[in-house]
Structure formats: structure tokens, C-alpha cells
Amino acid sequence: MKQLSERIKEAAFGSLSSGQVEMVIGWQKGPLWWQSFPAFITDPGETASLIWDPFSVSNLNKYLLNEVPKKKIALFLKGCDALGFNQLLRDGRVEREKVLLFGIPCDGLVDPARVEATGLSKGLLQVKKEREELVFYYKEGQRKAPARDFYYSKCLSCRYPNPVTCDEMLGEAVPCQPLERFANVSKLEAASLEERFTYWSRHFSRCIRCFACRNVCPACSCRECIFDIAEPRWLGKAKESGETLFYHITRAYHVAGRCVDCGECARICPLGIPLAELNRKFIKDINELYGEYDAGADLDKEAPLLTFKSDDPDVSA
Amino acid sequence: MKKITKEKLALFWELLARRATLYLPLQEDGVVNFAPWKNGARVNLRENSLVPPKNVFFPQAETYLRFQTGAKKLQLESLEPEEEFILFGVRPCDVASFTILDKVFLEEPVDGLYAKRRRLGTLVSLGCNEPGETCFCTSFELEPAFAPGADVMVWDMGEFLLWEAQSEKGDELTAKINELLDEAAPEESASALSLRNTTAAGEAAAGCQQEWNTAGLQEVLRGKFNVELWEKLYHRCLGCGICTYLCPTCHCFDIQDFSRGLEGERFRCWDSCMFAEFTLMASGENPRPTQKERVRQRFLHKLLYFPSKYGLYACVGCGRCVRKCPVHLDITQVMEPIK
């Protein structure tokens, strides 16, 4: 990964110092082993602080909604991020010519919770990836383990590890070995109505309405969101099961057909609500009803939920 | 000092729950939160809760008024908490957060709902054996394994819990459940003190992992309203409410009505200074128009405005925001450049 991290610094330095862009969005590192976060750099002298490591999970493309209208920006895209970028483009929310994209092939990133679950986090100073292994650094030495054991579940079912779009690719393409992504959805579909209602009610009862799932979502790009409107107040502010269900179900319907299955909503949820399953149910249904469609990847296909055909299954039924 | 062996804990919960509503750190779907104990619930005394226990005294939403309008006059019914409860397993950092909330809600004008819940609740604190990776309570002169503000202090010694009443309410609770408590031997009582000392001193992995030098921070931040730092910081903030809703000291709320036809209710609910709508006025004017002003407000409120008014920082070092902020706007780190 070190090589890639050097190439990121070079790309950032080059595009800023040549005046090609005015800002670069990448990742920087905090003092704790899992703290990699979005960085906004305008001074070529600061590009050396950019990193790429097993925790560079934050999707950077959503920031384009705030930043791009002002200036031309360079940013780094992993496979999942490239899908989100394409969706923002398709939704008319970014201007392609105002963005310089550097692609990063990524075979998976590390979920800190999985490191903690194994007890490896105690006294952990740093984690590096070396080929297929993670190296855990401690004061007293180091330990190694297979990297894939620590990846986010969303990474294990990733079907686009190599960005489907970019201006320049910064690394060699990585192989793709996705796990079946609809396994949990199929399990839920097999459950009774009552079981499913209990399942979702239990999970949603934990929702604190922080809106992190919406704010991180590349398909949620409305300038004004219905859930923020005070008058009329469509979504009540009470922590009440009906309101919470209204929020999550409305959001799931709204992003249906545009959700790129990047899994950020579920990753970011502080209460561990399996939001990606809800979105994947819609994706599965769309695939079954209208034919396979990958939002963010199938740019030449018509968006099934935005297109009417006289032989649509719900018409003929 | 008293003790209770762990085999008796199931009985213990049952006995406590018979006296009053018993809030415990319960684990469900891998997440630990305080909730009323029911038979079969999975109690987790190892981890602190994700949502802070402030929601027991200051619920995320609570209805306090019902109204009905008929042909002639408006009928109003006030609601207030009536139920006695025991809040068991609160960590010392979170106990300290109640001192901060007390400043806001118990000084004039006193908040009746909060005050009533403070009276109805008995607070049992559980000392930390091994503070977490993002813990920094010692930076605020708190002890990981001691909470002076709790009615009862409990320590997990492996095979048994040590139990010490620290207030009148604590004595009353002890008397009610005395049948399950044994007298602790002198060396067992001494082990609690030794746990207090080792965790407070930050020895090995037992202490707070993070150290944040907060000395003089309030002075440093004075007059820093317009410094460039805020310009640099806010870009990465997603504007979600995780930091404020998981914070044990954040206490901003909104008041809303829910009505259908001729009747309805008035409730108050948590609100977050991270949300754009938080300061949006009826005129359409917003004095905090971008995330920059919102991020600045959160940090300055905790570390400058609150201490200026009440004499203490509105942060107890529980580490929840450090752990859960998706973009790692880490309160212990972000203001370092100002220093």
C-alpha cells in the first residue's frame, strides 16, 4: 500500500501545483490506529500529509455537493466511491469537467470493530497492509493475520473493487471475489410477516435520528431534504416508532433504483442498524422485476424506476 | 463495604426490579444501551452504553402536556414522571455528566421534569476496571473507578461485586436488598481502593488511554471565534447528530406539538446544533448558515461558554464522540493548532 500512498501524494501535488485544480480531497491520519479521515488540501506543500491505509474508508464524493460549485477539485475514488460519483453525475448534482478523478483499486478495508472483537486492538499502535496480510504494530513487536478476516462485510461482497470511472488509475487492478450480497435479504424474505416486522422494529427502535445514514449517502443529494423541513413538518421530531419507520422507509423508497449499494449507511450507523439490507431488498426486487441493473455502473442502461414501458411487469399484472 | 457474588446477580436484578423500574446496560444485536430490565435480558457490565444514560433523566422525547379543544374551552392536562427507578451500572464519567446537566436544569428556572426524575431515581455507579481506548475522563480530574455523585458505588471484582452506599438514598436501597448482600472482608474492601488507584494513575492498560491536556484551555479559546482553524475544520463534518446525541452532556432540546383534529400533545425532544435547521428562524434567517459556525459552536460551547458560565467544562471524557464520529473530528485533537 505504501506505493499507492506515494502515488496519491504525487497526484495531489501535481494537480495542485500545476494549477489544474484548486483543492484536493483525500485522507489524512489521526493519532489512533483506526482514525483515517477526509482531508481538504489547497496548498501543494501540505500534500505530503495525505495517506492511503486500510482505514481510508470515508467516501469523498459526497463533499462535492458543498465544494464543487466554487472551484475545480481533485479527489480519490475507490470502487464503491466511483459508483456513488456516477450516481451524483446521473442525478445532475456534479459537473464532470469540474472534477479530476484519481482511481484507487481497493480489495477491501478494515473494520475496526473486527479488530477489537479479536482482542488485537489492545495497545495497538498501527495497522499496515502487506499483500494479503495485515501487520499489527505494538510497542513490544508485531503480529500478522490474513487481511480478509478483518474487512467490512460490505467489502467482502464488493463487486466493483476497481473504479468504473476515473481520469487516472493509480494502481494495478485487483481481483474481485465477492460473497453473495443478497444472502441476508433472502433469509428475511423467507421469514413470516410478523417475524420481519419484529426484526425491523427491534432494529429501528435503536435509531436516534442522527441522520448520519442520509448525510453520507451519495444517492441523498437533494438540496433541501423533506426530513429537515420545519413547516410543514413531514417528519415529527419525537423518538417514536411510527416516525422512525416513516423516516427509514421513505428514505429507502427515495433512493431505490439510485442506491449504488456502497454500504456507507450501514457502516456509519452508530447503533448498528442493518440499513444496507433494506436497500438491497429494493435492488433485488428491481433486478427480478426489470432485469439486472447496477446503479452507478450501468450508465448506458435506462434507470428502471425512471422509465415506463408498456410491458413492465406491474403493468401487465 | 458489602458484596454480592455473581451467581446471585439474576436474583438480584429480579429483587431490584420489584422495588422500582430497573435500568441496566443491556445488550441487543451487539449494542449496549440502558433499558428497563426484563427477565431474560442480556446484562453487559463489561462495556459502557453507546447512548449515554442521560436519556433516563432527559429522554430523547417526552410528552408533558395533553390538550383538547371542544366547542367551549381548552382542556389541558400536565404529565409528569411518577415512577421510581434505579439506574444501575452508570460509569463515573456519566455520573459526572449529571453534575453538568444539573447546572442547566436545576438552577433557576428549575426544570420540573428533570428535577422530578432526579428525585425519583437512585443512581448506582459501576467503576471502570479497564477504561477504553478513547477514554479520557482523567483529563477532567475524574476517577475511572469512583463517582462521588452516585448514591451507591459498585466495583466488579471478578467473582463478586463490591457495594458501597454513598448517600441516604443509597442507604435506603441497601436496606431493601440487604438479604442478598454479604459483608465484604477487609482485604476485599481494600481491593476496591487499589482498583481506584491503579485506574486513576493510568497504570498499564488499566487507565484512560487518552490524555488530553485541558489546563488553561478555556483561556486559550477566549477570543478565538474568528481564527482560521474553524475554516479548516468544518469541511469534513457530515452535519449528522452522532456527536451531540451520544454526548452525555449535550442538553439542547426543542419543543413541538403533535396534534390531530381537536386534540394533541406537546413534547420536548433532543435537538442538535449540528443540524442546519437548529438555528433557522421563522424569517428564514440563519445565524449559523454553514457547518463552520455549527462545528465552532459545539466545541466552544463545551470548552468556553459553559465553563465561563458554570465554572466547569461540559465534557467528561467518555470518548463516545471520539469513537463514533464518522470523520474523526476528535475533540482531543482538533484544537491543538490553537494552543
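Please read all numbers here as calculations on a predicted model, not as lab measurements. The analysis underlying the following values was restricted to heavy atoms, covering all of them including side chains, and did not include hydrogens, waters or symmetry mates. Chain letters run A, B, ... following the sequence lines, proteins first, then strands; residues in each count from 1.
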Let's test your reading of the structure: which of A:R209, A:E231, A:K62, A:E240 forms the most heavy-atom pairs below 4.5 Å with chain B? A:R209
Count the heavy atoms belonging to other residues, nucleotides or ligands that lie under 6.0 Å from CD of B:E228, then report whether that count exceeds 12. no
Side-chain ion pair, B:R268 and B:E62, N-O less than 4.0 Å: yes
What do you reckon, are the aromatic ring centroids of B:F85 and B:Y23 less than 6.0 Å apart? yes
Does any heavy atom of chain A fall under 4.5 Å from the side chain of B:V322, the backbone, both, or neither of them? both
Taking atom types as modelled and ignoring hydrogens, do the side chains of A:T244 and A:K239 form a donor-acceptor contact shorter than 3.5 angstrom? no
Side chain, backbone, both or neither: which part of A:T42 has an atom under 4.5 Å from a heavy atom of chain B? neither
Quick one: what part of A:E264 sits under 4.5 Å from any heavy atom of chain B, side chain, backbone, both or neither? neither
Are A:F37 and A:W27 close enough that their ring centers fall under 6.0 Å? no
Side chain, backbone, both or neither of A:E116 within contact of chain B (heavy atoms, under 4.5 Å): side chain
Would you say that more than 12 heavy atoms from the other residues, nucleotides or ligands in this model lie under 6.0 Å from the OH of A:Y138, or not? yes
Counting the benzene-type ring for Trp, do A:H203 and A:H248 have ring centres under 6.0 Å apart? no
What distance do A:C80 atom SG and A:N59 atom CG have between them, rounded to the nearest 0.5 Å? 6.5 Å
Side chain, backbone, both or neither: which part of B:V31 has a non-hydrogen atom closer than 4.5 Å to chain A? side chain
Chain A: which of B:H235, B:K324, B:E28, B:E277 shares the most heavy-atom pairs with it under 4.5 Å? B:H235
Looking at B:L238, B:D29, B:D330, which has the largest count of heavy-atom pairs under 4.5 Å with chain A? B:D29
Proximal component of A:P31, with respect to chain B [non-hydrogen, under 4.5 Å]: side chain
Go through the atoms of A:W34 and report whether side chain, backbone, both or neither lie under 4.5 Å from a heavy atom of chain B. both
Partner chain B: residue of A:V57, A:D228, A:I229 with the largest heavy-atom pair count (under 4.5 Å): A:D228
At a 4.5 Å cut-off on heavy atoms, which part of B:C269 comes close to chain A: side chain, backbone, both, or neither? side chain
Bottom line for A:I273: the part with an atom under 4.5 Å from chain B's heavy atoms is neither
Under 3.5 Å side-chain donor-acceptor pair for A:E46 and A:S49: no
Given heavy-atom pairs under 4.5 angstrom as the criterion, report whether the side chain, backbone, both or neither of B:D254 touches chain A. side chain
Does the separation of the ring centres of A:F150 and A:F136 fall below 6.0 angstrom? yes
Given heavy-atom pairs under 4.5 angstrom as the criterion, report whether the side chain, backbone, both or neither of A:F211 touches chain B. both
For A:R214, is it the side chain, the backbone, both, or neither that has a heavy atom closer than 4.5 Å to a heavy atom of chain B? neither
